[in-house]
Amino acid sequence: MSTPHQLFDDTSGGPVPHGGEYPNHSSPALGIPAQAFLSEPMSNFAMAYGSSLASQGKEMMDKNIDRILPVSKIKYYFAVDTVYVGKKIGLLMFPYVHQDWEVRYQQDIPVAPRFDVNAPDLYIPVMAFITYILVAGLALGTQNSFSPEVLGMQASRVIAWLIVEVLLILLSLYLVTVNTDMTTVDIIAFSGYKYVGMIFAILSGLLFGNTGYYVVLAWCSISIVFFMIRTLRLKILSEAAAEGVLVRGARNQLRMYLTMTIAAVQPIFMYWLSYHLLR
């Protein structure tokens, strides 16, 4: 009796009849993995979406930072040269002979500091701060009290007081409702000019003792008060007061008192941040 013809091949064991092989669907087809058709579009989409989120986050952060501290305009405050630095230090030490305190403008934009000695800058305050820290280290060394930790605490102390001073000035301007073009960077610059007088006072104390320190500190204190009043009166007081007209009205009186208070606290900070270095 002949064997009936099988409808299906028996694959339960042994080689596959006729030498056939079943196709492996997970193997590469045309040299490209099957998963690539799904993974590549998804990865490209994820990368594009991530880049979009990163750019939006960076833009939002830049806007918030620029609202408080206009980073894009910082370059203006460092546009100085050697002539400007010499004239500005001379103005800080001898402001009594200076006549024209107006800041010059060109198309409603203040000219760069190197073209106008009355313009505020950050170069002198930053360099004066660094020099002050170095001079403080020298003074501590003469007392056998120098250490990196002590010098770091001194630098942190100066920065902390500067932040407190700037915040108090901003709060005072807000409470008095002063409409001024003076920015936060301007306030930092004006507050940092006192470091120049502190450096001269400490060096005089190292060379000539306490007498030299107090004489130079007194001169620099009077100079910085005069400088701050003549400079800030154009920023804080009304136009009539800036032109020398008699100040009237409660609001203008408050502005005048605020100007004088900001100028008067400069010598206090100068003494507080320097006297202990010469004990």
Participant: Are R230 and P95 side-chain neighbours, meaning at least one heavy-atom pair lies under 4.5 Å?
Facilitator: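 Side-chain contact under 4.5 Å: no.
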Participant: Let me check something: do V135 and I130 share a hydrophobic cluster, defined by ILVMFWY side-chain heavy atoms less than 4.5 Å apart, either directly or through other members?
Facilitator: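 Linked, V135 and I130 end up in one cluster.
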Participant: Within a strict 4.5 Å, meaning less than it, do heavy atoms of the L234 and E102 side chains meet?
Facilitator: yes
Participant: So how far is it from S145 OG to L151 CG, rounded to the nearest 0.5 Å?
Facilitator: 12.0 Å
Participant: Determine yes or no for a side-chain-to-main-chain donor-acceptor pair under 3.5 angstrom, with K235 supplying the side chain and D186 the backbone.
Facilitator: no
Participant: Nearest 0.5 angstrom please: T231 OG1 to F226 CZ, how far?
Facilitator: 9.5 Å
Participant: When you group the ILVMFWY residues by side-chain heavy-atom contacts below 4.5 Å and let the links chain together, are M153 and F129 in the same group?
Facilitator: no
Participant: To check you understand the geometry: which heavy-atom pair defines the closest contact between A139 and T142, and what is its length?
Facilitator: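 Residues A139 and T142, closest heavy atoms: O-OG1, 2.5 Å.
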Participant: Would you say V117 and H98 make side-chain contact, with heavy atoms under 4.5 Å?
Facilitator: yes
Participant: Would Y195 and I124 count as a side chain to side chain contact (heavy atoms under 4.5 Å, CB included) if you check the C-alpha gap in whole Å, the side-chain angles of each, and the deciding distance to 0.1 Å?
Facilitator: CA-CA 9 Å; Y195 300 141; I124 291 178; over 6 Å; no
Participant: Could you tell me which non-hydrogen atom of T261 sits nearest to which non-hydrogen atom of Y257, and how far apart they are?
Facilitator: OG1-O, 2.7 Å
Participant: Quick check: Y123 with Y77 (ring centres under 6.0 Å apart)?
Facilitator: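 Between Y77 and Y123, the centre distance exceeds or equals 6.0 Å.
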Participant: Could you check L232, I262, I169, L167 and say which one makes a side chain to side chain contact (heavy atoms under 4.5 Å, CB included) with I187?
Facilitator: I169
Participant: Report the relative orientation of the aromatic rings in W272 and W161; use parallel for angles under 30°, tilted for 30 to 60°, perpendicular for over 60°.
Facilitator: perpendicular
Participant: Does any non-hydrogen side-chain atom of L134 lie less than 4.5 Å from one of L138?
Facilitator: no
Participant: Rounded to the nearest 0.5 Å, how far does CD of Q154 lie from CD1 of I133?
Facilitator: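 Answer rounded to 0.5 Å: 6.0 Å.
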Participant: When Ile, Leu, Val, Met, Phe, Trp and Tyr are grouped by side-chain heavy atoms lying under 4.5 Å apart, directly or through other members, which residues fall in the same group as I109?
Facilitator: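 Answer for I109: none, a lone residue.
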Participant: For residues 205-219, tabulate all N or O donor-acceptor pairs below 3.5 Å that involve a side-chain atom, not counting sequence neighbours.
Facilitator:
from: Y213; atom 1: OH; to: S274; atom 2: OG; distance (Å): 2.7
from: Y213; atom 1: OH; to: Y275; atom 2: N; distance (Å): 3.3
from: W219; atom 1: NE1; to: M93; atom 2: O; distance (Å): 3.0

Participant: Minimum heavy-atom separation for A128 and I199, please, with both atom names.
Facilitator: O-CD1, 3.3 Å
Participant: Take atom CD of Q143 as the centre, draw a 6.0 Å sphere, and report whether it contains more than 12 heavy atoms from other residues, nucleotides or ligands.
Facilitator: yes
Participant: With a 4.5 Å cut-off on side-chain heavy atoms, are L173 and I236 touching?
Facilitator: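 With C-beta onward as the side chain, the pair touches.
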Participant: If I take atom CD1 from residue I229 and atom CE from residue M256, how far apart are they, to the nearest 0.5 angstrom?
Facilitator: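 Rounded to the nearest 0.5 Å, the CD1-CE separation comes to 10.5 Å.
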Participant: Have E165 and Q266 got a donor and an acceptor in their side chains that come within less than 3.5 Å?
Facilitator: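 Side chains of E165 and Q266: pair found under 3.5 Å.
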Participant: Rounded at 0.5 Å granularity, tell me how far CE in M228 sits from CG in L92.
Facilitator: 10.0 Å
Participant: Heavy atoms only: give me the nearest P125-A189 pair and the separation to one decimal.
Facilitator: CG-O, 3.6 Å
Participant: Are Y76 and Y105 co-members of a hydrophobic cluster defined by side-chain heavy atoms under 4.5 Å apart?
Facilitator: no
Participant: Would you check if there is a donor-acceptor pair between the side chains of Y96 and S223 at a distance under 3.5 Å?
Facilitator: yes
Participant: Report whether V103 and W101 are members of the same hydrophobic cluster (ILVMFWY, side-chain heavy atoms less than 4.5 Å apart, transitive linking).
Facilitator: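 V103 does not cluster with W101.
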Participant: Same cluster for F200 and Y271 if Ile/Leu/Val/Met/Phe/Trp/Tyr side chains link at under 4.5 Å?
Facilitator: yes
Participant: Should L162 and F269 be marked as a side chain to side chain contact (heavy atoms under 4.5 Å, CB included) after you check the CA-CA gap, both sets of side-chain angles, and the distance that decides it?
Facilitator: CA-CA 9 Å; L162 177 63; F269 281 116; over 6 Å; no
Participant: Using modelled atom types and a 3.5 Å cut-off, is there a donor and acceptor pairing between side-chain atoms of H276 and backbone atoms of L278?
Facilitator: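 Judged by distance alone, no pair lies under 3.5 Å.
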Participant: Please name the pair of heavy atoms, one in R233 and one in T259, separated by the smallest distance, quoted to 0.1 Å.
Facilitator: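 That closest heavy-atom pairing would be N-CG2, 4.0 Å.
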Participant: Is the F227 ring parallel, tilted or perpendicular to the Y193 ring (thresholds 30°, 60°)?
Facilitator: perpendicular
Participant: Do L258 and L254 touch side chain to side chain, with heavy atoms closer than 4.5 Å?
Facilitator: no
Participant: Can any side-chain N or O of D121 pair as donor or acceptor with the backbone N or O of P113 at less than 3.5 Å?
Facilitator: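 Pair absent, no side-chain N/O of D121 close to backbone of P113.
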Participant: Let me see the working for S221 and M270 under side chain to side chain contact (heavy atoms under 4.5 Å, CB included), right down to the final yes or no.
Facilitator: CA-CA 8 Å; S221 298; M270 292 172 66; 4.3 Å; yes
Participant: How long is the span from the NZ atom in K87 to the CG atom in D116, to the nearest 0.5 Å?
Facilitator: 10.0 Å
Participant: For the residue pair F146 and G137, what are the closest heavy atoms and their distance?
Facilitator: CD1-O, 3.7 Å
